[in-house]
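Have a look at the structure below, then the notes.
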Amino acid sequence: MSNVFKIAILPGDGIGPEIMNQAIKVLNKVKYYLNINIITNEYLVGGSAIDTYGEALPKKTLLGCEESNAILFGSVGGPKWDYLPLNKRPEKNSLLKLRKHFNLFINLRPAYIYKNLYMLSPLKKNILDKGFNILCIRELTGGIYFGNPNGRKGTGINEYAFDTEIYYRFEIERIAHMAFNFALQRNKTICSIDKANVLNTSIMWREILKNLSHKYSQVKLNFMYIDNAVMQLMKNPSQFDVILSTNLFGDIISDQCAMITGSIGNLPSASLNNKFFGLYEPAGGSAPDIAGKNIANPIAQILSLSMLIEYSLKNKNISKKIENAIEQVLNLGYRTKDLFTNQSNEIIVTTEDMGTLITEYIT
Ligand code: NAD
């Protein structure tokens, strides 16, 4: 790795710029520990880019991302741009284009429960007492969302609609290798989610994973049907370590993983290609209902930065420092409004204060 690492900062719309400012505070603190020259450049994206340049992903922004080693993304969209036709809307025209342009085929979403935030989860205490720490891995650029042919044909009662689920061997192999490697750095267990009792793609998905598992003998590989997996996740999430799935099933299971943690504002994500170039962003959207009020939770954005440091900068030590600081601040009772559960030790803080507190607790 060269001694310069460039990060393209794309704050976007709504709460994006507010929570991004907090991640930048954290970056400014940790960059001195990183042993590499970090250069950041900020670019417009989404609705704010439409307002200035007439397009959600202007050439300048795309070029800036191409010249960078990683992208830290806020969130895009909002009612101001809802009048636009779907093919001109901020999300489709910036985020999805970036994923495609950089071939970001693997999406990672960690989901864990903070001990002091049990009250936010819809799960019962006896289930939460066992804890959980899941890495949900979703294939992001293939499968039924992109398969051809798709469309609608016919008329009257014979009108029909169709979609195609296609997975190529190379698509399954490349995500499987990455998933095995992630599992090796964790508790060495993968649960692959499919519907191999019905779907050909799932049968091939299973076959390829089983064959590759011989190369990763330290990793325990098991399989679960999607219908059982959603039940098991409610009943006993502690049984999961790495969950691996196709685009469609991953869409479902990753949102369920988010739900059981109880707080969208705490959830980061990473979308990577095979060179570990990544786009890192909060799992939530631009939250227009709370934008500009200094009440949004910046933790997901800060954890997205932490994932960038772990996966693109390969510095687990510093990302751990950030995670520990967040845990400490939460243990002390500091909460943005979305995390407040009316417990006696809780203190409501603003977006800015939460960012400052986390920065201060990084040691
Ligand atoms: P949303 O995630 O923006 O908001 C859902 C709810 O969660 C809201 O009540 C919001 O206040 C809350 N929330 C989200 N993030 C929060 C945070 N950090 N702190 C505190 N509360 C938070 O989803 P939505 O309302 O369906 O979408 C709003 C806009 O965001 C839409 O224009 C949508 O297209 C866009 N969107 C963008 C992305 C993205 O950029 N990746 C993802 C999803 C939605």
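No experiment lies behind these values; they were computed from the predicted model shown. All ligand and atom numbering here is 1-based and tracks the order in the structure. What's counted below: heavy atoms across the whole structure, side chains too, no hydrogens, waters or symmetry copies.
Listed by number with element, the atoms of ligand 1 under 4.0 Å from a non-hydrogen atom of Gly77 are 32 (O). Below 4.0 Å from some heavy atom of Glu281 lie the following atoms of ligand 1, by number and element: 41 (N).
Nearest heavy atoms, Ser94 versus Ala56: CB-O, 3.7 Å.
The closest side-chain donor-acceptor pair between Asn3 and Asn37, if any, does not fall under 3.5 angstrom. In the model, Asp251 has a side-chain atom that pairs as donor or acceptor with a side-chain atom of Tyr145 under 3.5 Å.
Contact annotation for Leu95 and ligand 1: only side-chain heavy atoms (C-beta onward) come within less than 4.0 Å of the ligand. Contact annotation: for Pro79 versus ligand 1, there are no heavy atoms closer than 4.0 Å. Contact annotation: for Ile15 versus ligand 1, heavy atoms closer than 4.0 Å belong to the side chain alone. Residue Gln301 does not touch ligand 1, judged by heavy-atom distances below 4.0 Å.
Atom 35 (C) of ligand 1 has Val76 O, 3.2 Å as its closest protein atom, hydrogens excluded (heavy atom only). Given atom 43 (C) of ligand 1, the protein heavy atom at minimum distance is Gly285 CA, 3.5 Å.
Applying the side chain to side chain contact (heavy atoms under 4.5 Å, CB included) criterion to Ala70, with sequence neighbours excluded, gives Phe5, Tyr280, Leu308, Ser312.
Within the structure, ligand 1 has Asp289 among the residues with a heavy atom less than 4.0 angstrom away. Distances from ligand 1 to the non-hydrogen atoms of Ala300 include no value under 4.0 Å.
Under the side-chain contact (heavy atoms from CB on, under 4.5 Å) rule, Ile326 has a single partner from Leu357, Ile302, Val26, which is Ile302.
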